[in-house]
Novice: 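One structure, pasted below without further comment.
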Amino acid sequence: MTFLTTAIDYPNGSPHIGHAYEKVLTDVLARYHRLKGEEVYFLTGVDQHGQKMVQTAEKEGVNVATLAQKNTKKFLKLLQALDISNDGWAETTHDLHKSCVAQILTDLHQKGQLYKKQYKGFYSIRQEQFLTDQERDQDGNFGPEWGEVEEREEENWYFKLSDHTAWLREIIETDKFGITPAFRKAEVLNAIARAESTDLCISRPKERLSWGIELPFDKDFTTYVWFDALINYISFAGYQGSVGVPPASDQAGQTNNPEHPTIPDFTQLWPARFHVIGKDIMVPAHAIYWPCMLHAIGFSDDQMPNLPVHGWWNVRGEKMSKSLGNIIDPITMVDTVGQDAVRYYLSRDIATGKDSDFDPERLYLLFNTEMANGLGNLLNRSLNMTKGSLGSELPAYEFDDAECQLVRDEHAKLLAAYSERMEQQDLRGTLEALVTFITAVNTFAERTQPWQLKKDEAKRDQLVAVLHHMCEACAQASILLTPFLPAAAAKMQAQLNLDSSNLKLPDLQWGLLKPGHTTNKPKPVFPRLEKPD
RNA sequence: CGCGGGGUGGAGCAGCCAGGUAGCUCGUCAGGCUCAUAACCUGAAGGUCCUCAGUUCAAAUCUGAGCCCCGUAACCA
């Protein structure tokens, strides 16, 4: 089974376009793997514990559990708005997760991977962590990024991270723990060098923080939020038999995928094919803590996940932030331009791994030119001519020529490029290949001029061939578009009268529309977006 | 400071890891078509791939030096 996850979001605020991006990116990958015929389990969720949740709740004057619940709903709403096809849903306050974390802590404690230590040092209240000399700047001071720093003496529990760093370096260098793009891998290796000698403090005294998971062997402490959150990737995947009914991933109290009402068998899921994450949580959490935790728990080298690290959407070259007031609300965006346009833009206008600028102008432009004018118009003109010239029926035909052959060649090229690009998580390149194909088919129409062929009864066989190639091309394109725009692809298929339910990528070949196939009434699938103002 | 990203025709970006006719979307100019969502197609103009040096038969791509821009508090993918 192919197991894909997103990072779990921190619900101390509303989701923004970056959250939406990670969901769409992972959803496209999940749907792609399903299209390949793989059984997929796609997990996403929320990380509800931690000091910052408590702080936000205090600021808003509400109970922290209430806050978590309220904001979690917003993230669930986002999944619906974007038609995210997650199979599982992780909430770290769920009992199933808490007991799994407790079991792991107990286990690590017994293995001697955890120890208690008195530590006196400088503590950043903002970052909730002790600072070491490595955090000092060249003048020996702690920079403003740490906020208020105070000297504090405290007893805490530590995880022997340093036991695993040499091993970690090895599996990253040998790509057993895959990190992409390549420049991120270099960054992680660099970060290991800096963090090699320090262990990870995994507890917070309960009097300071009680919102979290209690250490099972020392009731005076709460588990550090990352040590808790990262475990969601296995707790909600059935690790240590944590089977049972997971939390509901929609507001009707159902999991999104009725095929997976309970958590599947862990041995079939692990290792995760991908943990899709953002660049900000790569170091240290996902690229250092997490593999070391897995190693300490006892996972072998070939049971390590892969880490595709995506970039950020900026706004006018600036980082998106609440203080700049340039946050883009994905749900408003979907309400304005529709789910298809948002999914298309988020897939189309960013190179996976890099940053990009979120530019509404480009969203309109790309969607209108490539989907409305390109694919949508192609489908519309194909169906219209089939209806007007052939009474919506595509009978058998004999005709073939170089132009027809060219369309089939372009289709073969598309199939090759599609898989190649998708295997590299290059959504943008994949869509570019699709657009190239669409253009080729539009060119085919210009050259063969079916509207002229129609006038000559002697050329009817050629007309049938041309229209079949056009409709067939649309059918093919609709299948390949499914991971990106599932709703639009389904509409296309309805108009083409194509049942795609059992179609898988490996056996996708030219000839989906058999002789005698009838098409349905055309109606624009991608209405052009009218720019506001 | 250190760490990281970037500098590619008018705009925005791929390509660089695994050197070998510089690619994509838009824009501009000229033309064609009329089946279609005022959509589609063709042709053209436009580039010292930041600079310098090096390696090489060959460098946007590798190496070294330099210049410039951005990120590296919080909110947060």
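Reminder, nothing fancy here: chain letters follow the sequence lines and each chain counts from 1.
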Novice: Could you check whether A:Lys319 gets within reach of a base, just the sugar-phosphate, or nothing at all, counting any heavy atom under 4.0 Å?
Specialist: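 Base: the residue A:Lys319, judged by heavy atoms under 4.0 Å, touches a nucleobase.
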Novice: Within the 4.0 Å heavy-atom criterion, would you say A:Gly311 contacts the bases, only the backbone, or no part of the nucleic acid?
Specialist: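 Base, at least one base heavy atom under 4.0 Å.
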Novice: Mind listing the N/O atom pairs, protein and nucleotides 44-47 of chain B, below 3.5 Å?
Specialist:
none

Novice: Starting from the 5' end of RNA chain B, give me the residue, A:Met470 or A:Phe183, whose nearest nucleotide shows up first.
Specialist: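 The residue closer to the strand's 5' end, by nearest nucleotide, is A:Phe183.
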Novice: Taking only residues two or more places apart in sequence or in another chain, which ones pass salt bridge (Lys or Arg N to Asp or Glu O under 4.0 Å) with A:Arg152?
Specialist: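 Checked A:Arg152 against salt bridge (Lys or Arg N to Asp or Glu O under 4.0 Å); matches are A:Glu150, A:Glu154.
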Novice: Could you tell me whether A:Glu173 and A:Lys185 have a side-chain N and a carboxylate O separated by less than 4.0 Å?
Specialist: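 A:Lys185 and A:Glu173: not salt-bridged.
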Novice: Looking at B:rA77, I'd like to know if its phosphate oxygens (OP1 or OP2) sit under 4.0 Å from a side-chain N or O belonging to A:His310.
Specialist: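 Result: no.
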Novice: Could you list the residues that satisfy side chain to side chain contact (heavy atoms under 4.5 Å, CB included) with A:Asn190, not counting sequence neighbours?
Specialist: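 Testing A:Asn190 for side chain to side chain contact (heavy atoms under 4.5 Å, CB included), a comparison that skips the adjacent residues, returns A:Arg194.
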Novice: With the threshold set at 4.0 Å, does a side-chain nitrogen-carboxylate oxygen contact exist between A:Arg31 and A:Asp83?
Specialist: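 Counted as a salt bridge, because a side-chain N and a carboxylate O are separated by less than 4.0 Å.
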Novice: Considering residues at least two apart in sequence or located in another chain, which fulfil the salt bridge (Lys or Arg N to Asp or Glu O under 4.0 Å) criterion with A:Arg421?
Specialist: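 Checked A:Arg421 against salt bridge (Lys or Arg N to Asp or Glu O under 4.0 Å); matches are A:Asp426.
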Novice: Any residue in residues 376-386 of chain A with a heavy atom nearer than 4.0 angstrom to RNA chain B? Just list them by number, or reply none.
Specialist: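 Going residue by residue through residues 376-386 of chain A, the ones with a heavy atom under 4.0 Å of RNA chain B turn out to be A:Gly376, A:Asn377, A:Asn380, A:Arg381, A:Asn384, A:Met385.
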Novice: Ignoring backbone atoms, test whether A:Asn368 places a side-chain nitrogen or oxygen under 4.0 Å from the OP1 or OP2 oxygen of B:rU37.
Specialist: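 No.
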Novice: What residues, two or more places apart in sequence or in another chain, satisfy salt bridge (Lys or Arg N to Asp or Glu O under 4.0 Å) together with A:Glu60?
Specialist: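 Residues passing salt bridge (Lys or Arg N to Asp or Glu O under 4.0 Å) with A:Glu60: A:Lys70.
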Novice: What is the distance from CE of A:Met53 to P of B:rA74, rounded to the nearest Å?
Specialist: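 Computing the A:Met53:CE to B:rA74:P distance gives 18 Å.
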Novice: I'd like to know if the side chain of A:Asn306 reaches the main chain of A:Arg273, judged simply by a donor and an acceptor atom lying under 3.5 Å from each other, with no hydrogens or angles considered.
Specialist: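 Yes, A:Asn306 side chain to A:Arg273 backbone: donor-acceptor pair under 3.5 Å.
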Novice: Taking any strand in view, what nucleotide pairs with B:rU21 in a Watson-Crick or G-U wobble way, both distances under 3.5 Å?
Specialist: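 Across all strands, not a single nucleotide pairs with B:rU21.
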Novice: Looking at A:Asp27 and A:Arg343, is there a salt bridge between them, counting it only when a charged N and a carboxylate O are closer than 4.0 Å?
Specialist: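 Salt bridge present between A:Arg343 and A:Asp27.
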Novice: Between B:rC41, B:rC33, B:rA74, which nucleotide has the shortest distance from any of its atoms to the side chain of A:Asn442?
Specialist: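 In terms of side-chain proximity for A:Asn442, the closest of B:rC41, B:rC33, B:rA74 is B:rC41.
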Novice: Within the 4.0 Å heavy-atom criterion, would you say A:Thr436 contacts the bases, only the backbone, or no part of the nucleic acid?
Specialist: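 Answer is nothing: A:Thr436 stays at 4.0 Å or more from every strand.
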Novice: Atom CG of A:Asp280 to atom P of B:rA73: distance rounded to whole Å?
Specialist: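 To the nearest whole Å, that distance equals 12 Å.
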Novice: Contact class for A:Val525 vs. all strands (heavy atom < 4.0 Å): base, sugar-phosphate, or nothing?
Specialist: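 Answer is base: heavy atoms of A:Val525 come under 4.0 Å of a base.
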Novice: Would you mind reading off the distance between A:Trp226 atom CH2 and B:rA77 atom C1', rounded to a whole angstrom?
Specialist: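 In whole Å, B:rA77 C1' lies 10 Å from A:Trp226 CH2.
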Novice: Restricting to side chain to side chain contact (heavy atoms under 4.5 Å, CB included), what partner residues turn up for A:Glu187, sequence neighbours left out?
Specialist: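 By the side chain to side chain contact (heavy atoms under 4.5 Å, CB included) rule, A:Glu187 matches A:Arg184, A:Met282.
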Novice: List in chain and number order the residues that pass ring-ring contact (aromatic ring centres under 6.0 Å, His included) with A:Phe367, two or more places apart in sequence or in another chain; answer none if no residue qualifies.
Specialist: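 Checked A:Phe367 against ring-ring contact (aromatic ring centres under 6.0 Å, His included); matches are A:Phe526.
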Novice: Which base, if any, makes a Watson-Crick or G-U wobble pair with B:rC62, both distances under 3.5 Å?
Specialist: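 WC or wobble partner is B:rG54.
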Novice: Only counting residues at least two apart or in another chain, list the ones meeting salt bridge (Lys or Arg N to Asp or Glu O under 4.0 Å) with A:Lys354.
Specialist: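 Testing A:Lys354 for salt bridge (Lys or Arg N to Asp or Glu O under 4.0 Å), a comparison that skips the adjacent residues, returns none.
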Novice: Pick base, sugar-phosphate or nothing for A:Phe526, based on heavy-atom distances below 4.0 Å to the nucleic acid.
Specialist: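 Base contact.
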Novice: Is it the case that A:Lys319 places NZ or CZ above or below the six-membered ring of A:Trp312, under 6.0 angstrom from the centre and within 45 degrees of the axis?
Specialist: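 Because its charged atom misses either the 6.0 Å distance or the 45° angle limit, A:Lys319 does not stack over A:Trp312.
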Novice: Tabulate protein N/O versus nucleotide N/O from nucleotides 12-15 of chain B, keeping only pairs under 3.5 Å, one per line.
Specialist:
from, atom 1, to, atom 2, distance (Å)
B:rC13, O2', A:Arg428, NH1, 3.0
B:rC13, O2', A:Arg428, NH2, 2.2
B:rG15, OP2, A:Lys354, NZ, 3.2

Novice: Show each protein N/O and nucleotides 61-64 of chain B N/O combination with a separation under 3.5 Å, one pair to a line.
Specialist:
none

Novice: According to the Watson-Crick and G-U wobble definitions, with both distances under 3.5 Å, which nucleotide is paired to B:rG43?
Specialist: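 Because both required distances fall under 3.5 Å, B:rG43 counts as paired with B:rC29.
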Novice: Looking for any heavy atom pair under 4.0 Å, which part of the strands does A:Ala372 touch: base, sugar-phosphate only, or nothing?
Specialist: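 Here A:Ala372 touches the bases of the nucleic acid.
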Novice: Closer than 4.0 angstrom, basic N to acidic O: yes or no for A:Glu446 and A:Arg381?
Specialist: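 Answer for the salt bridge query: yes.
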Novice: Can you see if the side chain of A:Thr443 gets near the phosphate of B:rC40 - specifically, an N or O under 4.0 Å from OP1 or OP2?
Specialist: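 False: A:Thr443 side-chain N/O out of range (4.0 Å or more) of B:rC40 OP1/OP2.
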Novice: Considering residues at least two apart in sequence or located in another chain, which fulfil the side chain to side chain contact (heavy atoms under 4.5 Å, CB included) criterion with A:Ala490?
Specialist: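 Checked A:Ala490 against side chain to side chain contact (heavy atoms under 4.5 Å, CB included); zero matches.
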Novice: When we call it a touch if two heavy atoms are under 4.0 Å apart, what does A:Arg348 touch: a base, just sugar-phosphate, or nothing?
Specialist: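 Touches sugar-phosphate only.
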Novice: Could you tell me the separation between the CZ atom of A:Arg184 and the P atom of B:rC17, rounded to a whole number of Å?
Specialist: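 About 19 Å, once rounded to whole Å.
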Novice: Determine the contact category for A:Glu370: base if any of its heavy atoms lies under 4.0 Å from a base atom, sugar-phosphate if only primed atoms, P, OP1 or OP2 are that close, otherwise nothing.
Specialist: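 If one applies the 4.0 Å heavy-atom cut-off, A:Glu370 turns out to touch the sugar-phosphate alone, with no base involved.
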Novice: With sugar-phosphate meaning primed atoms plus P, OP1 and OP2, does A:Thr439 contact a base, only sugar-phosphate, or nothing at under 4.0 Å between heavy atoms?
Specialist: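 The residue A:Thr439 makes sugar-phosphate contact but no base contact.
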Novice: Taking only side-chain N and O atoms of A:Gln452, does any of them lie within less than 4.0 angstrom of OP1 or OP2 on B:rU34?
Specialist: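 It does, given that an N or O in the side chain of A:Gln452 lies less than 4.0 Å from OP1 or OP2 of B:rU34.
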Novice: Quick one about A:Glu393 and A:His517 (side-chain donor to acceptor, distance below 3.5 Å, no hydrogens or angles considered), yes or no?
Specialist: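 Side-chain D/A pair, A:His517 to A:Glu393: absent.
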